Amino acid sequence: MHDIKFIKKNPLVFDDSLKKRNLQPCSSKIIKIHNEYLEHLNLKQKLLEEKNSLSKSFVRKKDNVESIKKLVYELKAKIDNLTDLAELKLNELNELMMFLPNILSKNVPRGDSEKDNKIIKEHGEIKNFNFKPKNHLELAENLGLLDYKKAIKISGSRFSILKSDLAKLHRGLINFLLDNNSLEFGFEEYVVPELVKSEALEGTGQLPKFEEDLFKTNFNNLYLIPTSEVPLTNLNRESIINKKDIPLKYTTFTNCFRAEAGASGTDTKGLMREHQFGKVELVTISEPHKSESELNNMISCVENILKKLSIPYRIVELCSGDIGFSSSYTLDIEIWMPGQNKYREVSSCSNCTDFQSRRMKMRIKNFENGEIYYPHTLNGSSLAIGRLLISILENYQNEDGTIKIPPILKDYTNGLSIISNGKKI
RNA sequence: GGAGAGAUGGCAGAGUGGUCGAAUGCACCGGUCUUGAAAACCGGCAAGGAUGCAAGUCCUUCCAGGGUUCGAAUCCCUGUCUCUCCGCCA
């Protein structure tokens with residue numbers, strides 16, 4: 001949600017950001033509606049004041065009872081009418097604003113699609129195989145560790161079933177990632193619900209605009225989370241945080257559920273794009289002026305993982321056409337996938353500034369001077385397990401189709417060092 | 001699924017029709033005391049909005065939505081959620 005006062009003061013900044021996202025500028029429309037709302041509101045408040053004082057006078061004087069009743073009755077009718085008018089305008093305003101994306105940081109490069117994203121860093125050497133590297137699907141299927149045909153029988157397409165050593169690697173990775181985030185980078189570890197109310201999704205910005213991407217259940221109309229950014233960021237919704245407790249840094253593993261409505265035809269097989277996937281997430285609630293450095297901290301946390309795994313990666317600055325609804329600035333981290341011979345997104349780290357905190361009414365209070373303001377929220381994947389698995393399988397494959405386990409993961413996979421036909425060597 | 005209870009400020013918890021935005025305690029903030037800290041004592045302490053240069057003034061909010069009333073945290077209706085007990089269950 002946007003700050004109406006900011007829009008009124010900086011209509012051009014607001015409109016420029018919308019234009020950059022290829023959307024229609026609308027500050028003048030917003031300001032007009034808000035002024036109409038204020039007209040009704042101000043009049044209503046004056047009449048309410050009158051009505052209140054009449055009621056209070058009732059206690060003292062018991063004369064003129066009937067005339068007071070009559071006056072109040074008349075006032076009430078006017079007030080009701082103004083309440084309706086004001087509410088109408090306010091609803092109109094909110095409906096408009098809830099669909100408007102966050103204001104872009106001035107650092108976001110202009111562009112139409114992911115082709116215009118800017119590579120800002122590359123790290124790690126791409127391995128030269130002296131054979132043609134296989135893709136993860138072929139590798140895992142040959143080893144008997146991935147069975148998406150069974151998954152189709154049980155659940156349909158875009159689901160998968162991992163077996164034995166691959167399942168173990170999956171589990172080990174989760175622990176490895178959570179340890180990295182919590183022990184080395186100070187993110188507090190959580191276990192959170194994977195079903196949430198619509199209010200929580202409105203808070204982080206998935207609703208109302210992206211309903212079709214979500215799975216809705218028939219239990220209390222709860223939704224399956226598309227990312228644990230939703231429960232983590234909403235941990236402090238509608239509450240006031242003591243400035244002393246800032247920054248708040250959270251990490252968790254959850255499954256994520258996405259309808260992938262607009263993705264038909266791409267990455268249909270394997271672990272690349274599924275309706276259900278595991279992901280370890282980072283969320284930071286930050287002082288507004290420190291959110292840039294907190295984003296850097298998140299990025300280092302993710303980089304640390306990839307360095308330990310010796311997986312080549314690059315960092316990409318998302319352009320205005322590719323960046324998400326709630327974000328003001330996003331860096332994607334892409335890892336090398338030899339089977340596809342390209343980098344693919346494995347993490348997306350976003351600074352959502354005060355966009356989400358306004359929507360969920362999360363505030364910081366400085367108890368020394370009574371000041372109350374909105375924190376900045378940041379979220380980042382650290383990391384998407386399925387895609388990380390792909391990269392490990394493909395980068396660590398041997399010519400005979402076996403997979404070496406990255407040394408750092410040995411402690412997390414019961415000493416397993418190589419995956420070979422589902423048997424340890 | 002059956003039976004009952006409840007929803008009040010950051011938390012706990014009073015308050016059943018008229019200065020109640022709301023006692024009290026804890027927490028928090030400021031101060032006194034102390035070498036420092038603790039304790040004790042003194043003072044402060046809800047949020048959102050409108051208006052104004054400002055001081056201030058006003059409006060709204062005691063789960064949500066309706067209703068009764070000149071007046072509702074308090075009475076009535078509906079909804080939502082939570083808790084306890086029983087049953088079932090990882």
Side-chain angles (χ1 to χ4, degrees), chain A residues 1-9 30-94 97-98 171 191-203 207 216-223 231 234-248 253-255 285 354 356-375:
Chain A
M1 184 60 86
H2 294 97
D3 179 8
I4 182 71
K5 287 176 182 165
F6 176 87
I7 299 175
K8 282 185 161 175
K9 275 185 205 157
I30 288 172
I31 292 168
K32 180 170 171 278
I33 298 170
H34 189 252
N35 285 338
E36 288 166 351
Y37 160 71
L38 283 186
E39 262 179 57
H40 299 313
L41 182 71
N42 285 328
L43 187 52
K44 177 192 163 185
Q45 289 190 355
K46 261 183 210 154
L47 298 184
L48 270 170
E49 187 178 351
E50 242 179 89
K51 174 173 168 276
N52 288 343
S53 72
L54 280 172
S55 287
K56 278 175 191 160
S57 74
F58 197 92
V59 186
R60 312 263 164 85
K61 324 172 193 171
K62 294 283 180 183
D63 52 335
N64 293 329
V65 171
E66 287 313 310
S67 73
I68 288 177
K69 283 188 182 183
K70 194 177 169 223
L71 280 171
V72 170
Y73 181 80
E74 286 169 5
L75 278 172
K76 246 187 184 174
K78 286 184 191 167
I79 290 168
D80 283 350
N81 183 38
L82 285 165
T83 303
D84 290 347
L85 289 172
E87 199 181 294
L88 219 61
K89 286 296 165 189
L90 192 62
N91 288 342
E92 193 184 338
L93 190 66
N94 284 338
M97 300 255 274
M98 284 297 275
R171 173 160 61 90
V191 176
V192 294
E194 294 178 20
L195 285 165
V196 296
K197 298 180 185 178
S198 62
E199 288 92 325
L201 289 153
E202 279 166 12
L207 286 179
K216 189 176 186 175
T217 72
N218 57 11
F219 176 70
N220 289 336
N221 291 322
L222 297 182
Y223 292 81
N234 275 282
L235 280 173
N236 300 288
R237 65 174 292 117
E238 288 160 54
S239 62
I240 293 178
I241 305 161
N242 191 332
K243 180 183 163 77
K244 285 185 171 169
D245 297 329
I246 296 288
L248 297 170
F253 168 81
T254 66
N255 281 304
I285 314 295
D354 60 355
Q356 294 179 323
S357 57
R358 282 181 186 281
R359 285 168 86 103
M360 62 179 74
K361 298 184 178 67
M362 164 169 58
R363 288 148 295 168
I364 297 177
K365 181 165 183 174
N366 179 347
F367 283 90
E368 285 170 30
N369 59 15
E371 201 184 356
I372 288 175
Y373 51 97
Y374 291 95

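Because the structure is a prediction, the values reported are computed rather than measured. To find a chain, count down the sequence lines: A is the first, B the second, and so on, and within it residues start at 1.
Evaluation of the salt bridge (Lys or Arg N to Asp or Glu O under 4.0 Å) rule for A:Asp80 yields no partner, not counting sequence neighbours. Residues forming a side chain to side chain donor-acceptor pair (under 3.5 Å) with A:Asn35 (at least two apart in sequence, or on another chain): A:Lys8. Partners of A:Asn369 according to the side chain to side chain donor-acceptor pair (under 3.5 Å) rule, which considers only residues two or more places apart in sequence or in another chain, are A:Asn366, A:Glu371. Take A:Tyr223 and apply the ring-ring contact (aromatic ring centres under 6.0 Å, His included) test, not counting sequence neighbours, and it matches no residue. Partners of A:Arg237 by side chain to side chain donor-acceptor pair (under 3.5 Å), not counting sequence neighbours, listed by chain and number: A:Asn234. Listed by chain and residue number, nothing satisfies the salt bridge (Lys or Arg N to Asp or Glu O under 4.0 Å) test with A:Arg363 (two or more places apart in sequence, or in another chain). Under the rule for a ring-ring contact (aromatic ring centres under 6.0 Å, His included), the partners of A:His34 that lie at least two apart in sequence or sit in another chain are A:Tyr37.
Rounded to whole Å, the distance from NZ on A:Lys361 to C1' on B:rU61 is 13 Å. For the pair A:Leu75 CG and B:rU69 P, the interatomic distance rounds to 17 Å; values are reported in whole Å. A straight line from OH of A:Tyr73 to P of B:rC70 spans 11 Å, rounded to a whole angstrom. Here the P atom of nucleotide B:rC45 and the CG atom of A:Asn366 are 17 Å apart, to the nearest Å. A:Lys76 places its NZ atom 7 Å from the P atom of B:rU68, with the value rounded to the nearest Å.
Of the C1' atoms belonging to B:rA73 and B:rU84, the separation is 25 Å, rounded to the nearest Å. Distance noted for atom C1' between B:rC62 and B:rG48: 15 Å (whole Å). If you take atom C1' in B:rC81 and the same atom in B:rG65, they sit 14 Å apart, rounded to whole Å. Atom name P, nucleotides B:rU8 and B:rC75: the rounded distance is 15 Å, in whole Å.
Using a 4.0 Å heavy-atom criterion, one finds that A:Asn369 contacts no nucleic acid atom at all. Using a 4.0 Å heavy-atom cutoff across all strands shown, A:Lys244 reaches sugar-phosphate atoms only and no base atom.
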| Once each nucleotide of nucleotides 46-54 of chain B is scored for protein heavy atoms under 4.0 Å, what B/S/- sequence comes out, 5' to 3'? | SSSBSS---

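Taking only side-chain atoms of A:Asn220, from C-beta outward, the nucleotide of B:rC58, B:rC81, B:rU60 with the closest atom is B:rC81.
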Give every donor-acceptor pair under 3.5 Å between a side-chain atom in residues 70-78 of chain A and any protein atom, sequence neighbours left out.
none

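The 5' end of RNA chain B is approached more closely, in terms of each residue's nearest nucleotide, by A:Asn242 than by the other of A:Asn242 and A:Glu50.
For residues 81-94 of chain A, the pairs satisfying salt bridge (charged side-chain N to carboxylate O under 4.0 Å, His left out) are A:Glu36-A:Lys89, A:Lys89-A:Glu92, with sequence neighbours left out.
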Shorter than 3.5 Å, N or O on both sides, protein versus nucleotides 3-8 of chain B: list them out with atom names.
none

| Pairing annotation in dot-bracket form, given for RNA chain B with Watson-Crick or G-U pairs under 3.5 Å and | for cross-strand partners | ((((((((.[[[..)..(.....]]].(((((.......))))).((((((....)))))).[[[[[..)....]]]]])))))))....

